[in-house]
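Chain A is the first sequence line, chain B the second, and so forth, proteins listed ahead of strands; every chain is numbered from 1.
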Number of protein chains: 2
Amino acid sequence: MNTEGTRRDEIINTATKLFKEKGYSAVTMRDLATAMGMKAASLYNHINSKQEILKAIIISLAEEFTQGMDIIKKSDQTAIEKLNLIVALHVDITTKNPYGMASLNNDWMHLEGQLEYYLGLRERYEKDFVSIIKSGISSNEIVDTNPEVVMFSILSTLRSLYLWIPRKEEINAKALAQNLSDVLINGINK
Amino acid sequence: MNTEGTRRDEIINTATKLFKEKGYSAVTMRDLATAMGMKAASLYNHINSKQEILKAIIISLAEEFTQGMDIIKKSDQTAIEKLNLIVALHVDITTKNPYGMASLNNDWMHLEGQLEYYLGLRERYEKDFVSIIKSGISSNEIVDTNPEVVMFSILSTLRSLYLWIPRKEEINAKALAQNLSDVLINGINK
DNA sequence: CACTCAAACTAACAAGTGTTAGTTTGATGT
DNA sequence: ACATCAAACTAACACTTGTTAGTTTGAGTG
């Protein structure tokens, strides 16, 4: 038994790139096979279905976010500091797998068996996020605005990071997270 | 000749909703026909191709943004005021056609004949946006941060509005634009 | 009534879809 | 030399795709 899953992982990585460019539905198994330098039927020596690939991409990412949020919400930090940690979490996960984030954002509705599970994780994440903002408002750290608008605004930016991070190799993750935190939390008004 | 294009418009509106839910590639002409209460072949009495529908949805929206930006950039306003106008522009267009915004954001890459034209409009829009931010930094209205990070942050939120506006019938456009401007420009730190 | 015409229909097409079954290849360890 | 086995292959399947051609329907108009 050698390093398990290597060939399968290559297929999933290649699929992730293709899905990011055209979306899950527009990528055929023959497209994927060509990109891998093989015939479509050969893919099935390593994976069981196209759907399984999508699941492998999305669910692991969604669980990473859930775990990150669990740690942050339990941590003994101010609300603002927790928001900074959320920004860092997104920058970190997105830097490691920017293409996968495209599927997470755009192709989750094509999950067949795990759609409910995914939606559950997502709802939970957003609830935790809003809770942190609300507690920051209560503790007078955060201005008293609609907490959902605040979450929406921050989360939209963080969810779009995958579009931006690949072009920004020059900037490192820590600097980007700091820069984003500044803009998102302190605003841009002088 | 009666009110021209009615039936065609109904088809495009129906398609817009379907595209928002599953994406362009995953919606078949038979799906669309069923939603219209007719057979797939009948659609072709009103439209010439599936591609034409996508083009009708995306290009008109992209041109609306371009026109809006042209007016804003020529206007005699401070940079911050121009940013407020951009927020209002997005809220306005998205409120009128939230489903179409989903295609604009997620299915532009499936444009076949007009891809270059679309990308040109988009690039121009982003350049104008960055220019406004830079001029705000020069005039000391805006904090001296990376202008592209600022644009990215604001634009990500504005581009995601389509996900949010349909659930928020209670809030009116003007109030939402004001609320967003506050959060995006002044930040949330107290 | 006969004519027109938009808008639906049925039937079919060629190409492409995900997937299965069975077979060949070639490197590895005995 | 032989057996093994992952990993590729060829061939084919049942079904779906966008689209075309030709036909029928039915309301409105002279």
Side-chain angles (χ1 to χ4, degrees), chain A residues 1-59 103 106-115, chain B residues 1-59 103 106-115:
Chain A
M1 198 191 307
N2 62 9
T3 329
E4 195 53 49
T6 309
R7 204 78 181 104
R8 182 175 188 270
D9 289 349
E10 283 178 52
I11 290 173
I12 291 175
N13 288 338
T14 304
T16 305
K17 284 182 202 165
L18 296 182
F19 290 172
K20 168 226 149 202
E21 272 159 22
K22 306 169 58 179
Y24 174 76
S25 303
V27 175
T28 70
M29 295 304 276
R30 285 165 182 83
D31 290 339
L32 177 53
T34 301
M36 286 292 299
M38 57 171 75
K39 292 300 170 70
S42 308
L43 294 168
Y44 289 83
N45 286 321
H46 308 282
I47 51 106
N48 293 310
S49 66
K50 189 187 180 189
Q51 180 64 205
E52 185 193 67
I53 299 176
L54 186 66
K55 175 185 153 192
I57 296 170
I58 292 183
I59 297 296
S103 295
N106 303 323
D107 283 321
W108 56 266
M109 71 285 276
H110 299 118
L111 283 174
E112 278 156 23
Q114 285 70 29
L115 182 55
Chain B
M1 199 191 307
N2 64 5
T3 330
E4 195 54 50
T6 309
R7 205 79 181 104
R8 182 175 188 270
D9 289 349
E10 284 179 51
I11 290 173
I12 290 175
N13 288 338
T14 304
T16 306
K17 284 182 202 167
L18 296 181
F19 290 173
K20 167 227 149 202
E21 273 159 22
K22 307 171 55 180
Y24 174 75
S25 303
V27 174
T28 70
M29 295 304 275
R30 285 165 181 84
D31 290 338
L32 177 54
T34 301
M36 286 292 299
M38 58 171 77
K39 293 299 169 73
S42 307
L43 294 168
Y44 290 83
N45 286 321
H46 308 282
I47 51 105
N48 293 309
S49 65
K50 189 187 180 189
Q51 181 63 206
E52 185 194 67
I53 299 176
L54 186 66
K55 174 184 154 193
I57 295 170
I58 292 183
I59 297 297
S103 296
N106 304 323
D107 283 321
W108 55 266
M109 71 284 275
H110 299 118
L111 283 173
E112 278 155 23
Q114 284 71 30
L115 182 55

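- Side-chain proximity of B:R7 to the nucleotides D:dA8, C:dT19, C:dA7 is greatest for C:dA7.
- As rounded to whole Å, 9 Å separates atom P of C:dC9 from atom CG of B:L43.
- Interatomic distance, CG of A:N106 versus OG of A:S25, reported as 11.0 Å (0.5 Å rounding).
- Counting heavy atoms from C-beta on, the side chains of B:L32 and B:I53 come closer than 4.5 Å.
- Contact annotation: B:T28 does not reach the phosphate of D:dT16 (side-chain N/O to OP1 or OP2, under 4.0 Å).
- Considering only side-chain N and O atoms, B:R8 lies nowhere under 4.0 angstrom from the phosphate OP1 or OP2 of C:dA7.
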Side-chain polar contacts of residues 39-48 of chain B - donor-acceptor pairs under 3.5 angstrom, sequence neighbours left out - could you list them?
residue : atom : partner : partner atom : Å
B:S42   : OG   : B:K39   : O            : 3.4
B:N48   : ND2  : B:E52   : OE2          : 2.9

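- Taking only side-chain nitrogens and oxygens, B:H46 comes nearer than 4.0 Å to OP1 or OP2 of C:dA8.
- Under the 4.5 Å side-chain criterion, counting only non-hydrogen atoms from C-beta, A:H110 is not in contact with A:K50.
- Atom P of nucleotide D:dA7 and atom CD1 of A:I47 are separated by 13 Å, given to the nearest angstrom.
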Name the pairs: protein N/O against N/O of nucleotides 21-23 of chain C, kept only if under 3.5 Å.
none

N/O donor-acceptor pairs under 3.5 Å from side chains in residues 12-19 of chain A, not counting sequence neighbours:
residue : atom : partner : partner atom : Å
A:N13   : ND2  : A:D9    : O            : 3.3
A:T14   : OG1  : A:E10   : O            : 2.8
A:T16   : OG1  : A:I12   : O            : 2.6

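- Against DNA chain D, the stretch residues 49-56 of chain B makes heavy-atom approaches under 4.0 Å through B:S49, B:K50.
- Closest contact between the side chain of A:K39 and the listed nucleotides C:dT20, D:dT19, D:dT10 involves D:dT10.
- Within residues 29-37 of chain A, the residues that have a heavy atom under 4.0 Å from DNA chain C are, in order of number, A:M29, A:R30.
- With values rounded to the nearest 0.5 angstrom, B:E112 atom CD is found 9.5 Å from B:L115 atom CG.
- Under the 4.5 Å side-chain criterion, counting only non-hydrogen atoms from C-beta, A:M109 is not in contact with A:Y24.
- For the atom pair CG of A:L111 and CD1 of A:I58, the computed distance is 4.0 Å after rounding to the nearest 0.5 Å.
- Following rounding to the nearest Å, B:Y44 (OH) and C:dA12 (C1') show an atom-to-atom distance of 14 Å.
- For A:S49, there are no side chain to side chain donor-acceptor pair (under 3.5 Å) partners at least two apart in sequence or on another chain.
- A search for side chain to side chain donor-acceptor pair (under 3.5 Å) contacts involving B:T28 returns B:D31, not counting sequence neighbours.
- Non-hydrogen atoms lying under 4.0 Å from DNA chain C are contributed by nothing in residues 13-20 of chain B.
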